[in-house]
Amino acid sequence: MASKTPQLETIKREEFGKGASRRLRRDGRLPAVVYGHGEDPVHLTLDYHEAYLIIRGNANALLNLQIEGDKQLVIVKDIQRNPLTRLVEHLDLLRVKADEKVAVDVPVEIVGEPAGDAIATLELMAMTVLAPVSDIPETIQIDVEGVEDGNNLTVGDITFPEGVTTELAMDDVVVVVAEPQEVELPEPEEGAEEAGEEPAEDDAKEAGEGDDEE
């Protein structure tokens with residue numbers, strides 16, 4: 001769950017375009033846009049290092065921004081990264097109020113160990129939930145402790161944190177528990193081996209006939 005909300009100073013952005021964005025990042029600034037709640041979007045920049053430390057490992061981070069002397073509570077809605085370097089290039093930030101709930105995508109985490117040699121495999125890597133702004137879970141946990149081979153766990157098997165709900169169907173499969181299956185490779189058919197040897201014998205005969213002709 002979210003702890004104390006970090007605060008970040010911002011600077012209004014005046015220049016736009018790829019060249020301007022590169023210059024900002026070179027100067028240690030991260031471009032961002034704040035939108036939502038019926039207000040006009042605001043383009044600004046954040047300290048790159050401070051912002052990165054906050055969003056690292058938390059795609060739904062809650063931030064308190066200082067925008068020209070005013071405070072604005074926001075959550076991260078989108079993180080744009082360079083496809084090659086994976087460096088963060090831009091943030092989309094949604095205006096929120098402390099007493100409201102928001103729809104967010106949260107990673108699913110397996111806890112516990114299934115019975116015997118069974119292995120638990122996630123079928124649903126993340127799920128959309130409705131959560132209080134001030135208490136967004138970093139993961140949604142599903143317990144597989146002692147679950148036996150051949151059983152599936154569904155959304156209905158999850159114990160959600162207080163105040164967190166989802167509109168997913170209760171019978172949607174989240175985890176499959178199964179023992180690894182040995183796969184036997186088929187042996188080559190005897191006829192196929194003999195067929196593969198015949199051309200070599202024919203080549204040898206042809207080579208011998210060629211020597212006789214010389």
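- Within 6.0 Å of CD on Glu167 lie no more than 12 heavy atoms contributed by other residues, nucleotides or ligands.
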| query | Taking it one step at a time, do Asp105 and Thr128 satisfy side-chain hydrogen bond (donor to acceptor under 3.5 Å, both in side chains)? | reply | CA-CA 4 Å; Asp105 290 335; Thr128 302; 2.5 Å; yes
| request: Begin with the C-alpha distance, continue with both residues' side-chain angles, and end with the deciding distance and a verdict on side-chain hydrogen bond (donor to acceptor under 3.5 Å, both in side chains) for Arg29 and Thr10. | output: CA-CA 10 Å; Arg29 306 297 297 178; Thr10 69; over 6 Å; no
| message | Assess the residue pair Lys12 and Glu68 against the criterion (salt bridge (Lys or Arg N to Asp or Glu O under 4.0 Å)); give the C-alpha distance rounded to whole Å, side-chain angles, the decisive distance to 0.1 Å, and a yes or no. | response | CA-CA 8 Å; Lys12 278 285 188 72; Glu68 295 186 334; 3.4 Å; yes
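- Using modelled atom types, one side-chain atom of Tyr48 and one backbone atom of Val88 make a donor-acceptor pair closer than 3.5 Å.
- Proximity of a side-chain donor or acceptor of Thr139 to a complementary backbone N or O of Gln141 within less than 3.5 Å is not detected.
- Surrounding CD of Glu145 are more than 12 heavy atoms belonging to other residues, nucleotides or ligands, all under 6.0 Å away.
- For the pair Glu9 (side chain) and Gln66 (backbone), a donor-acceptor distance under 3.5 Å is absent.
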| request: Tell me, with the steps shown, if Gln72 and His37 meet side-chain hydrogen bond (donor to acceptor under 3.5 Å, both in side chains). | output: CA-CA 12 Å; Gln72 176 62 63; His37 272 283; over 6 Å; no
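- Within a 6.0 Å radius of CG in Asp117, no more than 12 heavy atoms belonging to other residues, nucleotides or ligands are found.
- In Glu148, the CD atom is not crowded: 12 or fewer heavy atoms of neighbouring residues, nucleotides or ligands sit closer than 6.0 Å.
- Annotation: Gln7, atom CD; neighbour count of heavy atoms from other residues, nucleotides and ligands within 6.0 Å is above 12.
- Distance alone, capped at 3.5 Å, is enough to place a donor-acceptor pair between the Lys101 side chain and the Gly163 backbone.
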